[in-house]
Amino acid sequence: MKFVALVSGGKDSCFNIWHCLSQGHELIALANLYPPPEGSEELDSFMYQTVGYQALKHYEECIGVPMHRRVIAGTSKNQQLEYEKTEDDEIEDLHQLLSDVKESHPELEAVSVGAILSSYQRTRVEDVCARLNLVALSYLWQMNQLGLMGEMCQSGMDARIIKVAAIGLDENDLGKSLIEMYPKLIKLNDMYDVHICGEGGEFETLVFDAPFFLKKLAITHQEVIKPSNDEVYHLSLGFTTQEKSKEDGDATKLLSAPPLLNEEMESIYDQLSSTKFKIPLVEKEAQSTLVEFEVTSKQVGNLLYISNLSSRENEIESQITSIFTQLTDILNAHGLSYEHIQSVQLFLRDMDDFAKVNAIYQQYFTKPLPSSRVCVQTLLPEKNQALLSALVIPNLKDKLGVHVRGISYWAPHNIGPYSQSILHKQQRTTVALISGQIPLIPQSMVLADPNDRLLNVALSLQHFDSVKKLISLDQNAFAICYFKDLEYLPIAIEAWKLYEPSSKVPVVFAQVTQLPKSAPIEWSGSVYQETPNYNDYYGDLSENEDESTQIVNNLSSLELQGQSVTFQEGYVSLTFAPGLSATAHNTVILNKGQASKLETIPQEYSVDIIPVNRLFDSTGKDQGLAKKMAIETPHDPALQAPTQGKLRKSLVPGTVLILLAGRFRGKRVIYLKNLEDNTLLVSGPFKVNGVPLRRVHDSYVIATSTRISVEGLDLAKFDLAYFKSEKSGNEEDKSEADFFGDKAEKKTVSPEQIEDQKVVDKALLAEVSKVAHLEEYLAAPFSLRRGDRPHLMKF
């Protein structure tokens, strides 16, 4: 796509440009907002970096594309996380700037933005892009800060500190490069939780050169400014441009995308690869005609469930219009709007109608944070081409969510008017429903290789997990896996077991006719997190919400959490109750051969119907038929296990690992080779961090992206026999006093082992010295503190 880059001059905006170019997009313009001439260089903005803005007038010459600039006239008037158009807000300056760019460049398709963790920035740029029919390109979004800063330091980009505003940083740090500051930032992060990438406003940078620059910036003069009594300093600079030389780096260098699967999912993928699966062979069931489902609208606790809306109109457009007319009437009757909807289940007879349906659907969801959504093609009653159910939150103050519309490496952006997840804050729990996740490659939005079933299962599950981690709800309430072909069933069942070890979490596997984009598999479900209830300590429950309301408040109410999904007469209840409940809401997943079972459901019950081709439990048992057979398929490469286990793809000799267990827990080591029993031979080196040559299990390490060459090391003598130690005495002869005694037997190290360690250390240190700051990195222990999110870290 042809894109304009929003530039502040900082490292993030420039590094994101580089990622855009590396992904094949074409840079056609730059855009910048700067403070008014009569104002301060350091503008009080929640959105824009303004220190060093004088350099931006040279960026057109440096990068070789037109620069469009505009003065910031507005203020941070709308400070809500989810932004809507607000007069006199500084975001409207951005809208006008990009409108001007689009007028000058009608071919414009996308906007580069360097947001890393800030949802505040991301939502505002995405709002402006949506209004202008542009796509946001946010490749740094949710990248691990330590890994990202390391990449920036090693990339050849010349970025320097021009403002400091954090403990441990002072005027002496101004003008220093990222490479110079990297060790100090790691140390400050360990000591004071200073964001390594400056995401908390700890510092700001200016890029003087990058491989995609045609010319580079040079300083003509500089002055240290201390505008207040706070420990905040910035540089006031004068600039010119200089020609670049060959020593300034390779102008054609491109950045690599992160691995498609993260560490956790790569581990699951590898374990799936070493598993032999059986494809179920099921008998053809007797067909029964689906009758139209009963429309229900029922208040359960403080939620409104609107279920099974359908129509008998002739055309799909007429049916969808009729369904939304019914939905509008019900919402109006309760004094609610579409903004109150938390989730929608949409079932179509034909997925080819998706575009027509979506065109009408999006007309009703126009506010920030539209509902989450699951959409599949399945069997419907004869006259129905669509079926819709909705869950509604009456109080908007209890609604939160995540609606990512920009392209990144994180997870797929939205392909329709729905959010990845909407959260409902309750008194005792926060509950979220996650939209259906299919195996799209995030940066390209194309489906993964259809021949790699394992990858499709793991990638779609990773997207489910990425949304779950972003909203910081770590408990699975229930999950539904939709799939087309039975070959996916055993793989999905095993993947879920590896992902969610608890057998108490309800999960069902439903075969349907078609999925969005013809995807082979889709994961959706609900997650939750307990929230502190101060009434437990300071008084009774709220006057507006009694204890009984809490119990039936939602599908995933914690008071009923311990019970499992119950299959009854061909349908499954996800109510955490032994059977269908008259007081709670029920979701019934119905096999196509079990339509008659609907007659057993009392009409006064609140029930969502999900009709599917076949329904399976977590053991793979077909819940529509009494008899199930299975056959092995040894000729299918995607379903056949290798004869021996294998290590993760990230475990390559020379890789820097982080130890997660044992006496050296938290130490960084270098992986040397794989031993006969599949354990890993590693060393610190000992001279750097005290970790000697030792064996570790691959389950207890994190592989980082840092590697050195170990090809020159002679490691032939280091095998299992080398590490076998003689037991001192017979364990059975030890007395109780010996066992509990204070004297610990000291392990002796032979002169040969000492000499071997010196030889290995010498060779490793020679390679370590070739990588800037690697020795300091290996010496620094790894640890986590409150607020860290390890699942988002890139190592």
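Remember, it's a predicted structure, so these values are computed and weren't measured experimentally.
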- Query: Would you find a donor on one side and an acceptor on the other, under 3.5 Å apart, between the side chain of Glu199 and the backbone of Leu117?
  - Reply: yes
- In Å and rounded to the nearest 0.5 Å, what is the NE2 to CZ distance from His403 to Arg122? 9.0 Å
- Applying ring-ring contact (aromatic ring centres under 6.0 Å, His included) to His463 and not counting sequence neighbours gives none
- Query: CG of Asn133: more than 12 outside heavy atoms within 6.0 angstrom?
  - Reply: no
- Sub-4.5 Å side-chain heavy-atom contact between Tyr671 and Pro653: yes
- Item | Closest non-hydrogen atom pair between Leu134 and Leu108, with its separation | CD2-O, 3.6 Å
- Query: Is there a side-chain contact between Leu206 and Phe239 (heavy atoms, below 4.5 Å)?
  - Reply: yes
- Item | Test: Glu776 and Lys187 ion pair at under 4.0 Å | no
- Asp158/Lys216 ion pair, N-O < 4.0 Å: no
- Arg405 versus Asn414, side-chain donor and acceptor atoms under 3.5 Å: no
- Query: Between atom CG of Leu27 and atom CZ of Phe3, what is the distance when rounded to the nearest 0.5 Å?
  - Reply: 4.0 Å
- If we only count heavy atoms from C-beta on, is the Ile116 to Trp141 side-chain gap below 4.5 Å? no
- If the plane angle is over 60° it's perpendicular, under 30° parallel, otherwise tilted; pick one for His68 and His105. perpendicular
- Can you tell me how far the CD atom of Gln443 sits from the CD atom of Gln23, to the nearest 0.5 Å? 5.0 Å
- Please answer whether the main-chain N or O of Phe203 pairs with a side-chain N or O of Thr205 as donor and acceptor at a distance below 3.5 Å. no
- Query: Can Gln420 and Ser435 be counted as having a side-chain donor-acceptor contact under 3.5 angstrom?
  - Reply: no
- Distance col, row Met181:CE vs Cys153:SG, nearest 0.5 angstrom, shows 10.0 Å
- Message: I need the minimum non-hydrogen distance between Asn16 and Leu137, along with the two atoms involved.
- Response: ND2-O, 2.9 Å
- Mind checking side chain to side chain contact (heavy atoms under 4.5 Å, CB included) for Leu214 and listing every partner two or more places apart, or none if nothing turns up? none
- Message: A quick test of your reading: do over 12 heavy atoms of other residues, nucleotides or ligands sit less than 6.0 Å from NZ of Lys367?
- Response: no
- Query: Just by distance, do the side chain of Lys667 and the backbone of Asn689 share a donor-acceptor pair under 3.5 Å?
  - Reply: yes
- Atom CH2 of Trp18 and atom CE of Met152: how far apart are they, to the nearest 0.5 Å? 10.5 Å
- Task: Kindly compute the distance separating CG (Leu30) from CG (Leu56), expressed to the nearest 0.5 Å.
- Result: 8.5 Å
- Query: Residues in ring-ring contact (aromatic ring centres under 6.0 Å, His included) with Tyr83, at least two apart?
  - Reply: none
- Query: Going by distance alone, is a donor N or O of one side chain under 3.5 Å from an acceptor N or O of the other, for Gln79 and Ser76?
  - Reply: no
- Output all residues satisfying side-chain hydrogen bond (donor to acceptor under 3.5 Å, both in side chains) with Ser709, sequence neighbours left out; order by chain, then residue number. none
- What pairs with Lys57 under salt bridge (charged side-chain N to carboxylate O under 4.0 Å, His left out), at least two apart in sequence or on another chain? none
- Task: Say whether, by atom type as modelled, one donor and one acceptor occur between the side chain of Thr704 and the main chain of Val656 under 3.5 angstrom.
- Result: yes
- Message: Angle between ring planes, His19 versus Tyr409, binned at 30° and 60°: parallel, tilted or perpendicular?
- Response: perpendicular
- Message: Under a 3.5 Å distance rule, please check whether Asn32 uses its side chain to pair with a backbone N or O of Arg69 as donor and acceptor.
- Response: no
- Salt bridge or not for Arg124 and Asp89, using N-O below 4.0 Å? no
- Are Ile422 and Lys399 close enough that some pair of their side-chain heavy atoms sits under 4.5 Å apart? yes
- Note on the structure: From the list Lys215, Glu61, His58, side-chain hydrogen bond (donor to acceptor under 3.5 Å, both in side chains) with Thr241 holds only for Glu61
- Item | Pairing residues for Thr252 by the side chain to side chain contact (heavy atoms under 4.5 Å, CB included) criterion, not counting sequence neighbours | Asp250
- Contacts of Glu26 that satisfy side chain to side chain contact (heavy atoms under 4.5 Å, CB included) - sequence neighbours left out: Lys2, Ile28
- Item | Student check: side-chain heavy atoms of Leu778 and Ile670 closer than 4.5 Å | yes
- Could you tell me whether a side-chain N or O of Ser13 sits under 3.5 Å from a main-chain N or O of Gly10, the two making a donor and an acceptor? yes
- Message: Please enumerate all residues that pass ring-ring contact (aromatic ring centres under 6.0 Å, His included) together with Tyr59, with sequence neighbours excluded.
- Response: Phe213
- Message: Restricting to side-chain hydrogen bond (donor to acceptor under 3.5 Å, both in side chains), what partner residues turn up for Lys687, sequence neighbours left out?
- Response: none
- Query: Taking the side chain as C-beta and beyond, is there a heavy-atom pair between Leu764 and Val688 under 4.5 Å?
  - Reply: no
- Other residues, nucleotides, ligands: >12 heavy atoms within 6.0 Å of Glu107 CD: yes
- Query: Is the backbone N or O of Gly406 less than 3.5 Å from a side-chain atom of Glu126, with the two atoms forming a donor-acceptor pair by type?
  - Reply: yes
- Task: Say whether Tyr182 and Gln154, considering side chains only, have a donor N or O and an acceptor N or O under 3.5 Å apart.
- Result: no
- Message: For the backbone of Gly74 and the side chain of Asp88, can you confirm whether one donor and one acceptor N or O come within less than 3.5 Å of each other?
- Response: no
- Nearest non-hydrogen partners of Gln462 and Leu260, listed with the distance: NE2-O, 3.0 Å
- Decide yes or no for Val111 and Val128: does some side-chain heavy atom of the first lie under 4.5 Å from some side-chain heavy atom of the second? no
- Contacts of His95 meeting ring-ring contact (aromatic ring centres under 6.0 Å, His included) (sequence neighbours excluded), chain-then-number -> none
- Query: Any donor and acceptor pair, going by atom type alone, linking the side chain of Thr220 with main-chain N or O of Gly238 inside 3.5 Å?
  - Reply: yes
- Item | Closest non-hydrogen atom pair between Val71 and Asp93, with its separation | O-CG, 4.3 Å
- Message: For a quick test of reading the model, state the closest non-hydrogen atom pair linking Val402 to Leu470 and the distance between them.
- Response: CG2-CD2, 3.4 Å
- Query: Are any of the side-chain heavy atoms of Thr655 and Ser650 separated by less than 4.5 Å?
  - Reply: no
- Message: For a quick test of reading the model, state the closest non-hydrogen atom pair linking Gly114 to Leu140 and the distance between them.
- Response: O-CD1, 4.1 Å
- Item | Heavy-atom neighbours of Glu109 CD exceed 12 at 6.0 Å | yes
- Partners meeting side-chain hydrogen bond (donor to acceptor under 3.5 Å, both in side chains) with Asp100 (sequence neighbours left out): Gln96
- Query: Considering the options Lys184, Arg160, Lys163, which one meets the side-chain hydrogen bond (donor to acceptor under 3.5 Å, both in side chains) requirement together with Asp173?
  - Reply: Lys184
- Quick one: list whatever passes side-chain hydrogen bond (donor to acceptor under 3.5 Å, both in side chains) with Glu202, sequence neighbours left out. His195
